[in-house]
Amino acid sequence: MDAQLYNSLTKVEYLITFNAFIYGFILSRFFSGWGRIISNRRHVVFSLEHILWSVYAFFMLLSLWWYSWLDIETITLRSVSFYASIVSPFIMYLISSLYFQHVREGKVTNLVTESKFQRKKGAVLYFFLYLFHLLNSVSDPSKSGTIKFFVLGLGVCSVVFWSRHRWTGHSMLVVGFAGILVFMCQIPSYFATPRWLADQFSFSEYLVTFITFVYGFIVAKFLEGWTAFLKNRRLIRFNIDYILWTLLVFGLIIDYWWRLYERSLPSSRTFGYFVLSLVVPIGFSFLSSLLFNDRTNAIRAQDHFRRNQKLIFGIFVAVFFFDFLGSVIINARNIVHVDNIFLLLRS
């Protein structure tokens, strides 16, 4: 019996679960980082450059995860190839740490000033990321279509690093966004192709494994927040409305995860569907940041909730709307389908 259980777990599944955890953790840093900035927006000096570079990094991370499916067979053959597959998420983790430093409540965070120091550091990190993937693309014929993008990326990083003018950095940001938008539009679909399966492990399962950890990190935020409240229960005068809202959002997260199963196959057909399927967990991550502002400041979290009620309701509307949109586009349901009508009424 034990041998049968061991043989039912393929090496592909074993190794990919490890990689998916790392990528999911990095993506959760983007969600929590944006959530902290929104949660403490009254004490943040915003920088459009900082926001756009973080969004660029977000799309870069998703693109690399999608393309890493092409390496799934090689990483099971040689340990060196598996080690190499960790290089990309390691650099992306450093990039996420660069853009999302700790934001404290009541302390002014100037993103304009930070973006100046982040510009050259980000250029160096992106340079090594592009160089690594350029070498990988040159050696793999199935990735030949990505060579132009990584060459463009190396050029952008070089200009940003050596330039001392602010306008040059802004112009390179425009070039970078134009490049990654074209790059994402050309990302191939593996649906109904020989690439769809790898050792009986489908591309749909591959993406779901990634999304599993994203939802897991969001749920962990709720568990951590409730634990902080229980530890400080003698110092807190509980607000029943706040407690009910946390329970409602948590219940919705579990409900969405339950219903995600029927979207797992459709959302893996194209890269655009995959990105659309992540909008809902992004919204839930923002809600978790607004409901549990700081794990070290559980006493003031309820006051923070009251100050952000309008924003919380607005995010709720956005979550329901994009879920409705995903139901129509990804699930290819008729607009008057009973589930769609229910989602539209909720929003």
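- Under a hydrophobic clustering in which Ile, Leu, Val, Met, Phe, Trp and Tyr are joined whenever their side-chain heavy atoms come within less than 4.5 Å, directly or via other members, F177 and V174 fall into different clusters.
- Rounding to the nearest 0.5 angstrom, the gap separating the CG atom in L61 from the CZ atom in F210 is 5.5 Å.
- V279 places none of its side-chain heavy atoms less than 4.5 Å from the side chain of V319.
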Please output the side-chain donor-acceptor pairs of residues 81-93 that fall under 3.5 Å, not counting sequence neighbours, one pair per line with the distance.
{"residue": "S81", "atom": "OG", "partner": "R78", "partner atom": "NE", "Å": "3.4"}
{"residue": "S81", "atom": "OG", "partner": "R78", "partner atom": "NH2", "Å": "3.2"}
{"residue": "S85", "atom": "OG", "partner": "N19", "partner atom": "ND2", "Å": "3.3"}
{"residue": "S85", "atom": "OG", "partner": "F82", "partner atom": "O", "Å": "2.5"}
{"residue": "S88", "atom": "OG", "partner": "H133", "partner atom": "NE2", "Å": "3.0"}

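- No more than 12 heavy atoms of other residues, nucleotides or ligands shown are found within 6.0 angstrom of CZ on F322.
- Proximity of K143 to D71: side-chain heavy atoms (C-beta onward) are separated by under 4.5 Å at one or more points.
- Evaluation of the side chain to side chain contact (heavy atoms under 4.5 Å, CB included) rule for S163 yields H165, T168 as partners, not counting sequence neighbours.
- The two residues F100 and S54 have their closest heavy-atom pair at CZ-CB, 3.6 Å.
- Contact detail for Y215 and P281: the closest heavy-atom pair is OH-CD, 3.7 Å.
- Remark: S264 engages no residue in a side chain to side chain donor-acceptor pair (under 3.5 Å) (not counting sequence neighbours).
- T246 is linked by a side chain to side chain donor-acceptor pair (under 3.5 Å) to W226, counting only residues two or more places apart in sequence or in another chain.
- Side-chain contact check for F150 versus T146: some heavy-atom pair is nearer than 4.5 Å.
- Note on residues 43-57: pairs passing salt bridge (charged side-chain N to carboxylate O under 4.0 Å, His left out), not counting sequence neighbours, are E49-R119.
- Listed here is the closest heavy atom pair of I147 and S137: CG1-CB, 3.8 Å.
- Applying the side chain to side chain donor-acceptor pair (under 3.5 Å) rule to W257 yields no partners; only residues at least two apart in sequence or on another chain are considered.
- Between L15 and I72, the closest side-chain pair of non-hydrogen atoms is not below 4.5 Å.
- The side chain to side chain contact (heavy atoms under 4.5 Å, CB included) check on Q118 picks up H50, L98, Y99, Q101, E114, S115, with sequence neighbours excluded.
- With hydrogens and angles ignored, the 3.5 Å screen pairs a side-chain donor or acceptor of S289 with a backbone N or O of S285.
- Classified by interplanar angle (parallel below 30°, tilted 30° to 60°, perpendicular above 60°), the ring pair Y130/Y126 is parallel.
- Ring-centre distance between F31 and F286: not below the 6.0 Å cut-off.
- Residues T209 and F201 form a side-chain contact, since some pair of their non-hydrogen atoms from C-beta on lies under 4.5 Å apart.
- Shortest non-hydrogen contact noted between E262 and R259 is CG-O, 3.1 Å.
- Heavy atoms from other residues, nucleotides or ligands lying under 6.0 Å from NZ of K148 number 12 at most.
- Of the N and O atoms on the side chains of T227 and E224, not one donor lies less than 3.5 Å from an acceptor on the other residue.
- Ring to ring, F25 and F213 are not that close: their centroids are 6.0 angstrom or more apart.
- Residues L27 and L62 meet the side-chain proximity criterion, which asks for heavy atoms closer than 4.5 Å.
- With sequence neighbours left out, the side chain to side chain donor-acceptor pair (under 3.5 Å) criterion links S202 to E205.
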List, one per line, each side-chain donor-acceptor pair under 3.5 Å for residues 179-194, sequence neighbours excluded.
{"residue": "S189", "atom": "OG", "partner": "F191", "partner atom": "N", "Å": "3.3"}
{"residue": "S189", "atom": "OG", "partner": "R269", "partner atom": "O", "Å": "2.3"}
{"residue": "T193", "atom": "OG1", "partner": "Y190", "partner atom": "O", "Å": "2.6"}
{"residue": "T193", "atom": "OG1", "partner": "R195", "partner atom": "N", "Å": "3.4"}

Evaluate ring pair (Phe, Tyr, Trp, His ring centres under 6.0 Å) for F18 paired with Y14, printing each intermediate quantity in order.
CA-CA 7 Å; F18 181 79; Y14 176 72; 8.5 Å; no
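- Contact detail for S96 and F30: the closest heavy-atom pair is CB-CE1, 3.8 Å.
- If you chain together ILVMFWY residues whose side-chain heavy atoms come under 4.5 Å of each other, V175 ends up grouped with L152, V156, V159, V160, M172.
- Taking I51 as the reference, F46, V55 meet the side chain to side chain contact (heavy atoms under 4.5 Å, CB included) condition, with sequence neighbours excluded.
- If you look at F132 and F128, their ring centroids are not closer than 6.0 Å.
- F203 has its ring centre less than 6.0 Å from the ring centre of W66.
- In plain terms, the two heavy atoms of L154 and L131 that are nearest each other are CD2-N, 3.7 Å.
- In this model, no donor atom of one side chain and acceptor atom of the other lie less than 3.5 Å apart for S68 and Y23.
- Side chains of V249 and F222 form a contact here, defined as non-hydrogen atoms less than 4.5 Å apart.
- Applying the side chain to side chain contact (heavy atoms under 4.5 Å, CB included) test to F313 and every residue at least two apart in sequence or in another chain returns W245, Q309.
- Y206 has its side chain out of reach of S268: every pair of non-hydrogen atoms, C-beta onward, lies at least 4.5 Å apart.
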